[in-house]
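In the text below, chain A, chain B and the rest are named by the order of the sequence lines, each starting its count at 1. Excluded from the calculations below are hydrogen atoms, water molecules and symmetry mates; all remaining heavy atoms, backbone and side chain alike, are included.
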Amino acid sequence: MDKLILIDGNNIIYRAFFAMPPLTNTAGQQTNAVYGFTTMLLRLIEEHKPSHLIVAFDAGKITFRHEGYEDYKGGRQKTPPELSEQFPMLKDLLRDMGVPQFEISGYEADDIIGSISREADEAGRQVMIVSGDKDMLQLASEYTTVALVRKGVTEVELYGPQQIREKYDLTPEQIIDLKGLMGDASDNIPGVPGVGEKTALKLLHQFGSVEGVLAGTGELKGKMKEKLEEHADSAVMSKKLATIYREVPLEHAWEDMEFTGIKGDTAGPALAKLEFKSLLERLSLSAYSPSSEGAVEAVEAAVLDITIVGESELEDLISALPGISALHVESNGENPHRAEVIGLGLSSPERHYFVPFALLQSHAAAPLRAWLGDSKAPKSGYDLHRADLALHWQGIPFAGAANDVQLAAYLLDPTEANQNLNDLTAKYGLPRLSPDEEVFGKGAKYKIPELEILGNHVARKSATVLGIVEKQQQELTETAMTGLFEDLEMPLSRILADMEKQGIAVNKEDLKELGKEFEAQISKLVAEIYEICGTEFNLNSPKQLGEILFVKLGLPVVKKTKTGYSTDAEVLEKLAPYHDVVRLILQYRSIAKLQSTYVEGLLKEVSEVTGKVHTFYRQTIAATGRLSSQFPNLQNIPIRLEEGRKIRKVFVPSEPGWSILAADYSQIELRVLAHISGDERMKEAFLHDMDIHTKTAMDVFGVTADQVDSNMRRSAKAVNFGIVYGISDYGLSQNLGISRKEASHFIEQYFEVYEGVRRYMDDIVLDARKQGYVTTLLERRRYLPEINAKNFNLRSFAERTAMNTPIQGTAADIIKLAMVHMDKALYERGLKSRMLLQVHDELVFEVPEDELELMKELLPKVMAGALTLSVPLKAEVSYGSNWYEAK
DNA sequence: AATGTCACG
DNA sequence: ACGTACGTGACATTC
């Protein structure tokens, strides 16, 4: 079926300009807006496969709107030159890609779009309008959907008449009235002073239109009435200005809008000129990649000296091992504990080798395996942690990880989503690698290619590693992160691998028993719920549940999601007083979660080989420096509610007579905050080892310790959490279920007492603005490009991140240090105790009987001594016959 | 593949 | 007026 996409070119390029970091090409031209625009365009094309497509632009400076009102758009800031320059670039690129553009003298883009959509509506054609301008909502109809661009240009919200009704309870036409009343500062449309969205909506719900409101002022009183009567003309004129003109003369438009796909032969060179390598790749046009440095080296790369090693070449390789410093272990699958090893790429500066896995296992390859396991043979690679695990489960020990380029890339920019080797080649101007998907195929089509292709591909990976290493060393030095890399993250990666290989034993029988208990509760709850509702439905479907609760039972709608009714726990709590079934649903939800994720999910992860679960810690995911845990995630095992906490009983020592020993940092984040803010009062609290939430309550409410009741302490605790997260009055009000005003008052009280904390919060945001990044105590860095964004939400988010990251990140630094120290202590003392898990502020060990006393002393001492701050660190230790008992 | 929900620190 | 707490991963349903 025909599908037409209409893009508001001016609007989108503006948004892209402000949302994207200021990219420039090697010629020094800023290209960020063109880039942002194009990525969005490609996504639209991929997702919606339009048969017809245009980008509309404003033409000329004066439009017919100025004829009646010369200040129209008067308040708007002049377009920055960095953006104006990008208009011709974008228009050229669109032409080369084969995307039609419309520009009609005297009209704005939205008039063109409005007129085309009117014609399409009349012809019954499907249209999607893409813009960031809410005005466009007035064009929504049975056939026309408006895609409002959000979050820069990365997300869209789709609006038809129904969504508009749900959100505003207005028809599309009434959007014009809305703007007539509230105005629009960015277009210098005045509206009625003192009327914002809230008031405008109220008026429209009552009177229907601007005309209706003005005719009905008699029913109003006070200031509101005065304002409306005084500014009646303004409202009428504003409505006129906000009305999109839909009668632009268009000839032969439909044929001119036809879109048959991106024209590769002309788009390729155009994208190459702009140096949009990732887009070239995305369009499989990499052949056009710029003939810059990279391409020159690419030619050289074509003649890389690669040897596919067979039995006869093995000896040669073995004698070359001393010169080899980079390797790549090619394995498949996401979970490295279950990965198959496919082969090995090995590189010296001069020569590159590929060793198929079968050969690596042969008797003759013993010296190669010895080299792999030799801690004195330093190796560079990409994700050596994964390599270590994959080899381990094939019975091949791995050691000597000296330099992991994935880990270094993460430190250099931890927010960049997992940077694969090919992303890094682009970054460092190295020869491109074929994407794995091209070499292996993806999904069901995954297939190991013939030896020649495979060997070349994998050997190029190790060659690439070699090329990256040098440049990263330089960057780590420049950013003062060499120490963090060499003395913390690299040693930690080996420790993590050891913990994961060790795994933690799970008592499968007990877990199954627990599953039976849950099963009994679930079937009882399900039966009761169906009974009460008078029908059977899928309780796990929020959609079906919403239907039952809000339509069949007629409960009030508290909150909506973008696809329907929200039924999350917060909503259900509010509904509980209305209907008894809601409690049962809440209970069902919590037990069902335990059953599916923690009983069934965990059972699936227990290894057939070891009877344990072997999680995989990822060291390059969390932007703050924390670890994350997968397959299974052992960092979110239930503890808060007793029902769930029982799950912890099945985590047991792997040897008879041993114990589980756990220690967790007490209030590490607030202690870190006390240190980095230098707030004297907060430091005082920790120097005296006081209960920090009680102390906060005393200070905020101005009472003595014995006057602090549980409610006051609870509030103080929420404030403390808020402080760590980068507080907002709204967030706190939600958390405590109080008004925003009260929350705001709490926060003000808090900052009056904890002046040092206020200073820190102010300073860190200024710092971030100036430098573009924030750091932790150990110099871990996080860039915050949105800290200067014009968009309030983006900027606010960046500001909260600026406040939170040094705190959360320093806490992460500290426990990582403790892990390195603890590993060393165990080794030096020849202890048999083993580190098994890390849960952000907690370390879990299994400990033999005769080491228990020692470990109870040693562990908290090492943790507390990991780093010296101006307040003491404290770790509390506990132990038992399983993880539940160690509380 | 996206969405909603919920487990943890 | 805007629309929010910071950081993750797993599961089931729906598209």
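If you check every strand for non-hydrogen atoms under 4.0 Å, Thr624(A) touches sugar and phosphate atoms only. Nucleic acid contact class of Val724(A) (heavy atoms, under 4.0 Å, all strands): none. Note on Gln734(A): nothing from the nucleic acid sits closer than 4.0 angstrom, heavy atoms only. Residue Asn735(A) is classed as a base contact, given a heavy-atom separation below 4.0 Å to a base. Using a 4.0 Å heavy-atom cutoff across all strands shown, Thr805(A) reaches no nucleic acid atom at all. Among the heavy atoms of the strands, none lies under 4.0 Å from Ala802(A). The residue Ala592(A) sits apart from the nucleic acid: no heavy atom pair falls under 4.0 Å. At the heavy-atom level, Gln630(A) lies under 4.0 Å from the strands shown only through sugar-phosphate atoms. Residue contacts for Leu627(A): at a heavy-atom cut-off of 4.0 Å it reaches no nucleic acid atom on any strand shown. Within 4.0 Å of Ala623(A), counting heavy atoms only, lie sugar-phosphate atoms of the nucleic acid but no base atom. Using a 4.0 Å heavy-atom cutoff across all strands shown, Arg618(A) reaches no nucleic acid atom at all. Nucleic acid contact for Gly601(A): sugar-phosphate only, since backbone atoms but no base atoms lie under 4.0 Å from a heavy atom of the residue.
For DNA chain B, the neighbouring residues in residues 632-642 of chain A, judged by any heavy atom under 4.0 Å, are Gln635(A), Asn636(A), Ile637(A), Pro638(A), Ile639(A), Arg640(A).
If you take CD of Glu573(A) and P of dT5(B), they are 14 Å apart, rounded to a whole angstrom. For His840(A) and dA7(B), the NE2 to P distance is 16 Å, given to the nearest whole Å. Atom CZ of Phe721(A) and atom P of dC8(B) are 13 Å apart (whole Å). Look at CD on Gln838(A): it is 12 Å from C1' on dC8(B), rounded to the nearest Å. Between Leu843(A) atom CG and dG9(B) atom C1' there is a gap of 13 Å when expressed in whole angstrom units. In this structure, the NZ atom of Lys717(A) is 11 Å from the P atom of dG9(B), given to the nearest Å. For the pair Leu158(A) CG and dT3(B) C1', the computed distance is 14 Å after rounding to whole Å. Computed from coordinates, the Leu602(A) CG to dC8(B) C1' distance equals 14 Å when rounded to whole Å.
Identified under the side chain to side chain donor-acceptor pair (under 3.5 Å) test for residues 565-576 of chain A, with sequence neighbours left out: Lys559(A)-Asp568(A), Thr567(A)-Arg589(A), Glu573(A)-Arg583(A).
Salt bridge absent: Arg648(A) and Glu885(A) never bring a charged side-chain N and a carboxylate O closer than 4.0 Å. The pair Lys445(A)-Glu437(A) does not meet the salt-bridge criterion, since no charged nitrogen lies less than 4.0 angstrom from a carboxylate oxygen. At a threshold of 4.0 Å, the pair Arg780(A)-Glu489(A) counts as salt-bridged, since one of the basic side-chain nitrogens sits closer than that to a carboxylate oxygen. Electrostatic pairing of Lys593(A) and Glu643(A) does not count as a salt bridge here, judged by no charged N lying under 4.0 Å from a carboxylate O.
Relative to the six-membered ring of Tyr730(A), Arg740(A) misses at least one condition, a distance below 6.0 Å or an angle of at most 45° to the axis.
Side-chain polar atoms of Tyr754(A) and Asn720(A) form no donor-acceptor pair below 3.5 angstrom. Side-chain N/O atoms of Gln838(A) and Glu842(A) include no donor and acceptor closer than 3.5 Å.
Across dA5(C) and dG4(B), the matching P atoms stand 14 Å from one another, rounded to whole Å. For the C1' atoms, the distance linking dA1(C) with dC6(B) amounts to 32 Å, nearest Å.
Of the nucleotides present, dC6(C) is the one that pairs with dG9(B) by Watson-Crick or G-U wobble criteria, both distances under 3.5 Å.
Considering Ile764(A), Ile676(A), Ile668(A), Thr624(A) in turn, Ile676(A) is the only one that fulfils the side-chain contact (heavy atoms from CB on, under 4.5 Å) rule with Ile807(A).
The outermost nucleotides of DNA chain C lying under 4.0 Å from heavy atoms of chain A, listed 5' to 3', are dC2(C) to dC15(C).
A centroid separation of less than 6.0 Å is found between the aromatic rings of Phe616(A) and His385(A).
Here the side chain of His337(A) pairs a donor or acceptor atom with the backbone of Thr615(A) at under 3.5 angstrom.
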